[in-house]
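Computed from a prediction, not measured in an experiment: that's the story for all the values here. Sequence lines set the chain letters: A, B, ... in the order given, protein chains first and strands last, and positions in each chain run from 1.
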Amino acid sequence: MWQEAERLVAGGDLDRALDSYRLLVQQFRDDALAPDALLEVARLERLRDDPAAARATVAQLTERYPRSPAAAEGFWLAADLAAESATSFAALDEARTTFRRVPLLYGRDAYPVLPARVAARVRSAELGILLEDFAGAQADLLAAIEEEPATEWTPRARLLLARTYLPSAEWVAAAEILQQVVDDGEDPAAAEARRLLSLIHRRVVRPRGGSAWGAVARFPPSGLALREPTGVAADRDGEVLVLDDKDHVVAYLAEDGSVVARRTLEGAGRPGFTLEGEPYVLREGAAELLFGGTRATLAEPGRGGPLKSPYAAVRTAGGTWLVAAKGFRSVLAYEAVSGRVRDDLLADRRPEPEDLAIDDYGRIYVLDREGRQVLRLGPDGRFLGIAARGEWRKPVAVAVDSLGYVYVLDRGASRVEIFDPAGQRSAAIGPEVGGAVELRDPVDLAVDGAGRVFVADRKLPFLVLFE
Amino acid sequence: MRPAVRSLPWCAARVALLLLAVAAAPLAAQIEEESLDAPELATPTAPAVAPAAVPAQVMEAFLRAEEIFRSPDRPAAVPLLDRVVQQLAPRHEVGALSAAEVDLLAAALSYRAQILHQLGDAAAAEADLRALLAARPGWRLEADRVDGELFALYGDLRRQSVGELELELDPVAAEVLVDGVPVVTGEGPLPLLAGPRTLEVLHPGYAPQALMVEVAAGQSESLRVTLERVSAVIRLRTRPPGAEVLLDGELRGTTAADDQPGRDAALLPAGGADFSRTMVIDGVQPGLHLLEVRKAGFRPYRAELEIREAIDYPMPPIVLEAETGQVVLVDAPPEATLIVDGTVMRPENPGSSRPRLTLPPGEHRITVSAGRSRIFSTRFTLGDRQALEIPVRPQPGLAFLGVLGGDPQVARGLQQSLGVTLERADRWAVLDRAAEARAHFAALGIDAEALRRAASDGAGGPSTIDWPALQARLDRDFPALVHVFAVPTSDLVATTADLWVLPAAPGPARADRLRFSLGSPEELERVRAAFTSTLRLRTPWLGAVVADSAAAPHPVVIDVTPGGPAAAAGVSAGDLVVAAAGVPILAHAGLADRIRAAEAGETIPFGVQSASGTRALELTLGSSPSILGRDTGGMLPALAYTELVLLGERPDAERWLIELNAAVILIANGQWEDAVRLLREVDAPEAPHGVGRATVDYWLGVALSALGPSLRSAAQEALGRAAAVPGARLEHADGAFVAPRAQARLRALVSR
């Protein structure tokens, strides 16, 4: 019966596979395979987008077979479901607590080898990073790396450990671990590690050698002529979203500049990528997820109705949309589900938010046009400090990379300035950038995961790419 | 116990011994040293008929009948007695019964007659008494046990049908047969059934004599029979029994085990133990004869006998000398234990570096053991009187515990091929313990199925095997550095098997396993290779963190260790490594391969590129301690641990490095306390930029943290020391940094 169910899963017939596993559990309740079958039921229910059923099945599993390895896996699954559906930091924290129960309930003494325990430590660390608990995350990760047998989760654990070194600028220690992840294999963790190493090379090592910038290039190299680029966004994987205001076209480009998709969209505002890599553009009253995504409604605070002029937005790890809009001297925080304003961030500081950015750790960066500064906020909106400050004439865009370097575009000076995580200016370029290119009216910038900087200039028919 | 049988007359006959005069000893050089003066006791001349001569079924029926006969329900014995009589009587009529059977028949008839008489069947009772007298004329009923009337009847019948013969024999020990049936003589007149009887008189060395006699009922006659001496007789005993005896090349029989040992022990060498019964060689004519006694495993005994006259020649006891050879173990450790074919032996010259053993010829396996890592084991074939020198080359001991589970044919084949494969690994003294190991596994409830479940622990099962108990038991009973056994993955159709490897304590108390396909020479080669790998605890040191970057076509130097080899060669952070050891370098992996392939201290050409151009450098690689940790370089951790033990025995061993490595393996296995004990002893050098004291402190802190809150402050101290050395590394001087990890663990400890 088990083999039959496995065959059905392999053949994609999830419904019948689910029936088979359920039957197995009913008929052979005391069989050694029963806990595993129940776990498979929960997994399939999750796959069929029925998290409530999956949660109920996990509850059954952990109650009926509490000492089975499948129950440990069940705890993991429950925590993962909770993390997936979390719409607040409190919910993320709760999911993390569930992950952390796995090593406590299923210790090494009784379960010398338990992949679910390693996975739980790693996922707990991931949430710990989002919740800014780097110490807790590191403890989880070191336990997963040094105290557990190697599993498929080990490269990811190493990668995350290296990432926890980045906010404190421990570049060498991070690079050493990242290279180890690269050497370990070609899994997603290795690709991510390679990307971070490139970033460390570009932002940290190269400037120390006196050469902050490599080549300047046009992007995309060919195939897409822009008439008036006014917005640009880039994700960690190097994918780029560009808004051509003249044609009302939003183009989705691959890392090499080839066009993946394009869409004509009247009234489209600034583009962006969520932390999960979903592309979106701002429109009146909404942040619209593109290419098959949904839209998040943004209501006018107080009065109701669509928010009139949103010109910058980011989505936090907890699912909250943070929005800068014309006429508001604060950052508006919208509830993930209802679309209502939940909070007014920085209301006491009364900044003039011009642009927003979010880093890999969920920290928010607010470009304060009037204050000529970039404010750094924790993932929960708490003010952390000044990330950058300059004598900018007309700062219009801010970006942040995976190392915590902050990029500010000064439209008035046609210049990009880069600040290290400690807030020190580490480099600047423009208006002449080499490669026979001169910034003339730059309006937006973006940085991808490998540290490539893209600038959208209304008067240039391409994006300027700083390698 | 057969009490009824003991009361039978033939039992008494068996102890009637006859003393013979000692005859002159044969002239034989080999036996002159033996005790010729010892008087020889002869075996009884009357053939001693063993109870076994009676068919078992008949004897059983008789014994049962006798038991019933003695109970109140006597008549119930009749059917059984009928069976005994029916079985024996027809054969008695044709003279085919042994003396014991005749006695049994007589006893059965006696019992039946008494019962029938009791039942009132006088005619049948009388018929049985007559038949009894025909079978055994000398049979007597006991007056106090038999009904008076029946006793009187028997007396009457006996007087009517039995006479007596007063026999005078020369020699007196001669054997007498009446109508072909042996009878006991020497106990008074010989009762005979009235009528003509054939009398045969026999004795070794004498011509047999046969005569017809007739004794009238109730009468007594006298007869003198003198046999004529016609030949000599040789009597001999051997130790051990079972030796073939040949006279002049003709096999005359095999000496038999003595069923009454100790009877004449004082007369035999070494208390007489293990000697055969006396064997008689009859019909030997005067003259020179060649006596040969032989038995497998013993040197043959030969003697030339000069037989001068026709008398009895009792030979001195013949002790066969076992065939032996001698083995000298050259360069054996003086304290070594010697095990030959599974049995511990003491050398003939204890304490010598050339211990000597005397062994029987044939194939042997000898194991010389001086600790678990100094074991020598070899097979050899020894000939009789051969002196063999075997050089002893101690090796680490590997106890092969055989194959558990699997189809019997597959298991046999696997056991054999693995045995050969492990021996081919060369560096191990392979001790085959397969036969004895099963009981140990069984005692701990460990079978193939349990091990298969343990093999799937990778899927997260709770530990199903009590590894520490197994380790302790194996260490006690099969001392070796490592214990190895295999389990086919199925009992029906297995295509793969797991080779489990459990090191001796204090090594990891959990076996590692290597899965391999069955029936493939390449796979066996993989197994062999797993047992032949060697660890490198010092590897080349570059002194730089180098990483791949999408922003450059070559790996980039992220950082250079101050005072390290790269710094000394002029490498700077930000340089791109374009070539090493004459090979273009496009990625970090390529550079790592070149460095791994080099030797510490080797100078390799190095090409680097920076903003100012490309430079060619000469880089002399340093040497860094290596901590295997979780990554044991492809070796099973259990084997890596044993390698460390072996490395530790070398005079040039870096003890701290070996101990640190061993501790990290124990930590990986969750043996925190063992790790702490070991780490506290490690005397590591300070190393501001590499593996050293801070590395030890870090692992000590990790292990102490795991042991609970009571050791938290000790853990904090250790981690604090580790965190204070920013250049300290975890596994290698080019590897992960200790300080950030130590700081993270410190923070976690504080926040708990």
Side-chain angles (χ1 to χ4, degrees), chain A residues 36 67-70 72-73 106 108-117 134-142 145-147 149-151 161 164-165 168 170-180 182-183 194-195 197-202 204-206 208-211 214 450-452 467, chain B residues 453 457-463 467 510 545-552 555-559 572-576 587-589 592 610-612 629-631 637 664 667-670 672 698-699 702 706 726 729-730 734-741 743-752:
Chain A
D36 294 312
R67 301 313 301 155
S68 71
E73 199 103 356
Y106 302 91
R108 275 199 66 177
D109 288 346
Y111 301 81
V113 183
L114 187 64
R117 187 176 57 229
F134 292 109
Q138 285 176 337
D140 285 335
L141 294 168
L142 288 174
I145 295 167
E146 293 175 353
E147 297 168 26
T151 70
L161 181 65
T164 64
Y165 290 173
S168 49
E170 291 173 276
W171 312 120
V172 179
E176 197 284 327
I177 299 174
L178 290 169
Q179 186 56 50
Q180 202 179 347
V182 172
D183 290 343
R194 195 174 287 111
R195 180 182 73 72
L197 284 170
S198 306
L199 197 54
I200 290 172
H201 179 204
R202 285 190 169 112
V204 182
V205 180
R206 211 183 253 168
R208 284 180 188 168
S211 54
R452 297 189 302 170
E467 271 282 7
Chain B
R453 277 200 302 278
D457 277 357
S463 184
W467 293 114
R510 187 150 59 88
V545 175
V546 180
D548 293 328
S549 168
V556 61
V557 177
I558 300 283
D559 189 56
S572 303
D575 286 347
L576 303 181
H588 172 266
S610 62
S612 56
R630 322 193 66 80
D631 176 15
V664 175
I667 286 174
N669 200 40
W672 311 107
Y698 177 73
W699 285 117
V702 170
R729 306 294 183 108
L730 202 59
D734 285 332
F737 286 83
V738 164
R741 293 177 181 228
Q743 281 156 0
R745 284 188 179 271
L746 268 177
R747 281 194 295 269
L749 272 184
V750 171
S751 67
R752 261 183 213 169

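Taking all atoms of both residues into account, the shortest heavy-atom contact from A573(B) to V205(A) is C-CG1, 4.3 Å.
With a 4.5 angstrom heavy-atom cutoff, L199(A) does not touch chain B via any of its atoms. With a 4.5 angstrom heavy-atom cutoff, D575(B) does not touch chain A via any of its atoms. Within the 4.5 angstrom heavy-atom criterion, only side-chain atoms of V182(A), from C-beta onward, approach chain B. Of the two parts of A173(A), the backbone and the side chain both hold a non-hydrogen atom closer than 4.5 Å to a non-hydrogen atom of chain B. Within the 4.5 angstrom heavy-atom criterion, only side-chain atoms of L730(B), from C-beta onward, approach chain A. Neither the backbone nor the side chain of A72(A) comes within less than 4.5 Å of any heavy atom in chain B. There is no contact between L141(A) and chain B, counting heavy-atom distances below 4.5 Å.
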### Task
Check the pair D548(B), Q179(A) against side-chain contact (heavy atoms from CB on, under 4.5 Å), reporting the backbone distance first and the verdict last.
CA-CA 7 Å; D548(B) 293 328; Q179(A) 186 56 50; 3.2 Å; yes

### Task
Could you walk me through whether W171(A) and I558(B) pass the side-chain contact (heavy atoms from CB on, under 4.5 Å) test, one step at a time?
CA-CA 8 Å; W171(A) 312 120; I558(B) 300 283; 5.6 Å; no

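Note that CD of E146(A) and OH of Y698(B) are 3.0 Å apart. Values are rounded to the nearest 0.5 Å.
Per-residue counts of heavy-atom pairs under 4.5 Å with chain A were compared for A551(B), A550(B), A547(B); the largest is that of A551(B).
Residues satisfying the side chain to side chain donor-acceptor pair (under 3.5 Å) test with R452(A), not counting sequence neighbours, are D448(A). For S549(B), the side chain to side chain donor-acceptor pair (under 3.5 Å) partners at least two apart in sequence or on another chain are H201(A).
For the pair L142(A)/R745(B), a side-chain contact is recorded, criterion being any heavy-atom separation below 4.5 Å from C-beta on. Side-chain contact between Q180(A) and H588(B) is absent, with no heavy-atom pair separated by less than 4.5 Å.
A salt bridge between R741(B) and E176(A) is absent, with no side-chain N of the basic residue lying under 4.0 Å from a carboxylate O of the acidic one.
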